[in-house]
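Heads up, the thing below is written out as structure tokens.
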Amino acid sequence: MLRRRHGLLSRLEVLHSSQLRVHFVSLSNARLFILLLLFAVTSCAAPDIETDQAFERHPSFATTSSFDEQHPVTTPRATSEISVPSTDALLGPAPLLPDAQLEQVSLPQGVDTSVSGLHGQIRATAFGPQGDFGWGLSYYTALWGSFPTLPPHGLLTASGTWLIPDNWRYLETLCPQGTFARDFLTERGPSYRDVFQSIEGGVGHWEQSRFPSTQPKFRLTGNTDCYTTDTSNPGWAWSNQQEILPGLVQLSNRIVVPPDGITFKPNDGALLGTAWVALPLSKPYERNAVTVGDKSWTLFLESENFSGPVAYWAPEAWSRITTDHPSSHFRGLDHRPIDTEYRIFAAHIDLPGLTAGTPDEDWLRVAALSFPVDKQGRTVFHQDVTFYGRNAIFDQFTEASKGGALPLGVADTALVHAPLQTHRWELQSAGREVTGLENFVVLDDWDTNEKEGWAWGLQWSDYSGVFPTHYRASESEWLAENKTNSPPELNTRQAAFPTAARRSGYAPTLDDGPVPQVREVQLNDGSLLRYTWYRFVDQPAIETLGLTAQQKTELQSVVERIHTQWGQQTEFIKPPSQGELVELQQELIVEPPPGAEVGWVPVVISQTAAE
């Protein structure tokens with residue numbers, strides 16, 4: 001079955017997919033991926049972390065099998081003299097528990113599971129500016145928990161936008177033959193410009209999540225090659241069994257990114273600032289007979305306890321699809337600014353449903369979805385959408401590469417607010433349009449004295465914040481109704497939705513060799529996250545690019561300047577017009593070990609169920 005593979009919902013079949021794998025293995029196996037350095041079992045002696053001596057193995061790896069709680073350990077400088085929780089070091093892949101069994105629900109007689117439930121998108125448009133303002137985009141997203149316990153099985157909520165390269169009015173075919181979009185999304189031709197490449201992800205309860213949570217998570221995803229393959233978590237190297245797939249690179253040394261998504265302190269409507277900004281982290285060069293561009297699209301986050309860059313898309317990720325396809329040369333996101341025309345913001349909803357009938361009509365009931373409501377009766381989805389001109393950061397950063405200090409913020413004169421305007425409801429079930437929602441809640445956008453279209457979301461007349469749960473079949477529609485006249489059996493306690501079940505987790509293959517000494521943190525989604533530290537250019541996502549020694553030296557130098565000069569005092573996303581910032585789960589905020597304070601980054605080894 002073909003799944004949705006465009007817009008906000010890129011499929012993310014990570015790690016256990018037969019099409020896409022991530023590996024941590026030695027260089028000797030060319031079709032798999034690497035942790036860069038050979039895992040030779042030698043003594044614990046290692047070169048100084050601050051020198052350029054070649055390591056025989058990754059300096060965060062040691063032969064010890066365990067260490068004691070809150071006692072410094074004698075290991076290579078990368079991890080020496082630091083206190084860590086007691087843990088057994090890993091031998092091979094992290095242990096995976098089997099998938100949890102899905103809860104079994106015995107439905108009352110006359111009640112059946114709906115095949116499609118209720119699904120679709122609620123949309124708004126951000127009207128982008130005229131001119132050269134496609135060098136970045138920032139906005140705020142509200143987060144909240146919609147369920148008192150774990151969400152129901154089959155739920156999907158996702159809130160965000162997707163960014164595509166500006167190929168407006170470009171008529172030549174961008175997607176080569178043999179790609180998914182070219183073969184199956186022919187209605188997007190002849191140019192395929194809106195399914196060629198995209199930066200995606202956002203906040204939500206994702207159907208791919210292996211650790212369901214009461215709170216939504218922030219996930220990074222993208223489409224680099226006409227929706228043919230997927231890559232995701234920063235720092236990892238990816239394989240489709242045929243070739244290397246460049247992807248996301250870990251940039252920050254202050255936050256670690258879980259593959260199942262960034263987790264948050266529980267809240268009820270706090271805001272996460274998100275920006276994707278082009279930075280000139282590397283120079284253009286020739287690779288596989290195409291020119292790789294100089295735009296490294298970098299994710300910045302703004303929260304109560306973290307502010308700054310997190311990760312970026314390697315320019316090589318965008319140039320790969322253009323090899324042997326001349327009409328797409330120089331048209332990818334490594335060369336082009338983003339399209340600013342009518343940027344869509346969406347809240348996607350997939351709700352599981354139950355059906356029952358009376359002699360005269362059919363009914364649908366869906367899982368209850370709750371929203372926070374402010375004093376004005378509003379639920380805000382997104383606000384403060386801002387486009388960035390070339391001089392907002394990019395040109396400043398370029399000038400700084402000549403020897404000056406890096407910019408500590410964006411140039412206000414290069415920022416333009418984009419007003420938001422809502423669309424109509426776009427929800428359906430089993431091919432029938434859902435109508436009558438306006439009797440319970442309406443789509444709306446709001447202005448401030450300073451900003452037109454400051455935010456968009458839902459306007460509640462009764463302040464209930466509960467999305468309609470009951471729908472009556474009428475001709476070719478499902479009409480939102482009160483439950484009063486619905487079949488009684490549809491509303492009994494037995495007519496329940498099974499909760500989402502935990503899945504096995506993420507545990508890339510580790511090659512034989514020394515035991516990796518890892519850091520462990522437990523997250524509020526019930527998972528245990530393991531990570532280790534890499535010199536920036538030695539992380540798998542960089543090593544697999546095959547850069548020259550000179551390119552690595554230059555890139556490492558740039559990142560060390562970022563780590564040195566960019567801290568919490570920088571401001572690359574303007575504060576929200578209204579609202580409070582969300583807190584990331586504190587366990588994701590990390591401190592580099594002694595000797596690795598600059599130029600080293602944390603990369604996840606595994607995410608598995610906490611025992």
Side-chain angles (χ1 to χ4, degrees), residues 22-38 47 49 51-60 222 224-225 229 231 233-240 242-253 278-299 309-323 329-330 332-335 394 397-398 401 532-563 596 598-603:
V22 59
H23 299 270
F24 291 77
V25 301
S26 69
L27 285 166
S28 60
N29 192 341
R31 68 184 177 83
L32 302 180
F33 289 107
I34 59 175
L35 274 181
L36 173 59
L37 298 170
L38 300 179
I49 194 172
T51 72
D52 291 329
Q53 292 176 262
F55 291 103
E56 292 183 359
R57 51 185 164 80
H58 189 278
S60 291
T224 63
D225 55 4
T229 56
T231 61
N233 211 57
W236 289 0
W238 298 80
S239 165
N240 64 0
Q242 296 175 342
E243 61 177 327
I244 291 173
L245 304 178
L248 284 159
V249 178
Q250 177 73 20
L251 179 58
S252 176
N253 64 347
L279 294 180
L281 301 181
S282 56
K283 300 174 183 177
Y285 73 101
E286 296 297 316
R287 175 189 174 97
N288 298 329
V290 300
T291 300
V292 178
D294 61 354
K295 291 181 177 60
S296 296
W297 286 94
T298 304
L299 171 67
V310 176
Y312 71 90
W313 285 96
E316 294 82 358
W318 311 113
S319 66
R320 181 180 65 89
I321 189 63
T322 68
T323 303
H329 288 184
F330 300 99
L333 279 167
D334 55 322
H335 289 282
F394 193 91
F397 199 102
T398 301
S401 66
T532 190
W533 288 86
Y534 284 86
R535 188 168 177 263
F536 174 78
V537 295
D538 292 345
Q539 63 178 293
I542 291 291
E543 178 60 23
T544 56
L545 299 178
L547 301 178
T548 66
Q550 179 65 27
Q551 286 175 309
K552 286 185 177 181
T553 298
E554 293 176 356
L555 189 54
Q556 181 71 25
S557 176
V558 169
V559 171
E560 290 178 3
R561 294 182 69 196
I562 289 175
H563 288 177
V598 174
W600 289 65
V601 295
V603 176

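Quantities reported herein were computed from a predicted structural model and do not represent experimental measurements. In what follows, every heavy atom counts, from backbone to side chain, and hydrogens, waters and symmetry copies are set aside.
The closest side-chain heavy-atom distance from Val559 to Leu251 is below 4.5 Å. The shortest distance between side-chain heavy atoms of Thr229 and Arg320 falls below 4.5 Å. Between Phe536 and Val558, the closest side-chain pair of non-hydrogen atoms is not below 4.5 Å. Between Pro315 and Ser296 the shortest side-chain heavy-atom distance falls below 4.5 Å.
Closest of all the heavy-atom pairs between Asp225 and Ile321 is CB-CD1, 3.6 Å. Val290 and His329 make their closest contact through CG1-NE2, 3.4 Å (heavy atoms, listed as atom of the first residue, atom of the second, distance). For Pro309 against Thr298, the heavy-atom pair with the smallest separation is CB-CG2, 4.0 Å. Across all their heavy atoms, Ala541 and Leu248 have their closest contact at CB-O, 3.4 Å. In plain terms, the two heavy atoms of Ser252 and Val601 that are nearest each other are O-CG1, 3.6 Å. Considering every non-hydrogen atom in both Gly235 and Pro540, the closest pair reads O-CD, 3.3 Å.
From Asp538, atom CG reaches atom CH2 of Trp600 across 7.0 Å, with rounding to the nearest 0.5 Å. Atoms CG and CZ, from Leu279 and Phe394 in turn, are 8.0 Å apart once rounded to the nearest 0.5 Å. If you take CG on Leu547 and OG1 on Thr553, they are separated by 10.5 Å, rounding to the nearest 0.5 Å. Here the CG atom belonging to Asp334 is positioned 9.0 Å from the CH2 atom belonging to Trp318, to the nearest 0.5 angstrom. Annotation: the span from Ser557 atom OG to Ile562 atom CD1 amounts to 10.0 Å, rounded to 0.5 Å.
By the ring-ring contact (aromatic ring centres under 6.0 Å, His included) test, Trp297 is found to be paired with no residue, residues two or more places apart in sequence or in another chain being considered. By the side-chain contact (heavy atoms from CB on, under 4.5 Å) test, Asn253 pairs with Trp533, His563, Pro592, sequence neighbours left out.
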N/O donor-acceptor pairs under 3.5 Å from side chains in residues 280-289, not counting sequence neighbours:
unit_1, atom_1, unit_2, atom_2, d
Tyr285, OH, Glu316, OE2, 2.7
Glu286, OE2, Thr291, OG1, 2.5
Arg287, NH1, Leu545, O, 2.5

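Formation of a donor-acceptor pair under 3.5 Å by the Gln250 side chain with backbone atoms of Val603 is not found in this model.
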After noting the C-alpha distance and the side-chain angles of Lys552 and Glu543, does the key distance pass the salt bridge (charged side-chain N to carboxylate O under 4.0 Å, His left out) rule? CA-CA 9 Å; Lys552 286 185 177 181; Glu543 178 60 23; 2.8 Å; yes
